[in-house]
Amino acid sequence: NLYYSGRFAAVRQVQELSRSLAKIVRDRHNISRTKGSRDVEMVADQYYRIAEGYRYALELRLEWLEKLSQFHSKNNDYQEAAVAMAHVVA
C-alpha cells in the first residue's frame with residue numbers, strides 16, 4: 001500500500017533526524033566538557049574526531065574543522081590552524 005510505505009518512510013526520516021540531532025547535542029556537550037582540560041592535544045583531537053564523524057554532513061564537518069582551526073589559533077599553533085583550514089577548502 002502506497003500510504004503505508006510513505007508513512008514508513010516519513011517515520012524513518014524522523015528517526016534519522018532525531019539521531020542526528022542527538023549526536024550534535026552530544027558532541028557539543030563533549031567538547032564543552034573537554035575544553036576545560038589543560039591537555040591541548042586532547043581537545044584538538046576531540047574536535048577532529050567530531051569533524052570526521054560528520055563526513056556525511058558537509059556543512060557540519062566544515063563547521064567543526066573551522067572550530068578546530070580557531071582553537072589552534074587561540075593556542076598560537078598557527079601551523080595546525082592552517083592545516084585545519086586546508087581541510088575546509090579541500
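The first residue in the sequence is number 1, and the count goes up from there.
In this structure, CG in Leu65 is found 11.0 Å from CD in Gln70, a value given to the nearest 0.5 Å. Summarising the geometry, atom CG belonging to Leu68 is positioned 8.5 Å from atom NE2 belonging to His87; distances are rounded to the nearest 0.5 Å.
A donor-acceptor distance shorter than 3.5 angstrom exists from the side chain of Ser32 to the backbone of Arg28, with no hydrogens or angles considered.
Residues Lys67 and Glu63 are paired through a salt bridge, judged by an N-O separation under 4.0 Å between the basic side chain and the carboxylate.
Among Trp64, Tyr54, Tyr47, the single residue meeting the side-chain hydrogen bond (donor to acceptor under 3.5 Å, both in side chains) criterion with Asp27 is Tyr54.
Across all their heavy atoms, Ser69 and Met85 have their closest contact at OG-CG, 3.1 Å. The heavy-atom pair separating His72 from Ala81 by the smallest distance is CB-N, 3.6 Å. When all heavy atoms are compared, the tightest approach of Ser73 to Tyr78 is O-CE2, 3.7 Å.
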| Evaluation steps, side chain to side chain contact (heavy atoms under 4.5 Å, CB included), between His29 and Arg33 | CA-CA 6 Å; His29 172 74; Arg33 193 180 65 215; 3.6 Å; yes
Listing, residues 36-46 side-chain donor-acceptor contacts under 3.5 Å, not counting sequence neighbours, or none:
from	atom 1	to	atom 2	distance (Å)
Ser37	OG	Asp39	N	3.0
Asp39	OD1	Glu41	N	3.3
Asp39	OD1	Met42	N	3.2
Gln46	OE1	Arg49	NH2	2.9

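Linking ILVMFWY residues whenever their side-chain heavy atoms come closer than 4.5 Å, directly or via other members, leaves Ile50 and Val25 in distinct clusters.
Within the 4.5 Å cutoff, the side chain of Glu16 has no heavy atoms near those of the Gln13 side chain. Gln15 has its side chain within reach of Arg19: a pair of non-hydrogen atoms, C-beta onward, lies under 4.5 Å apart.
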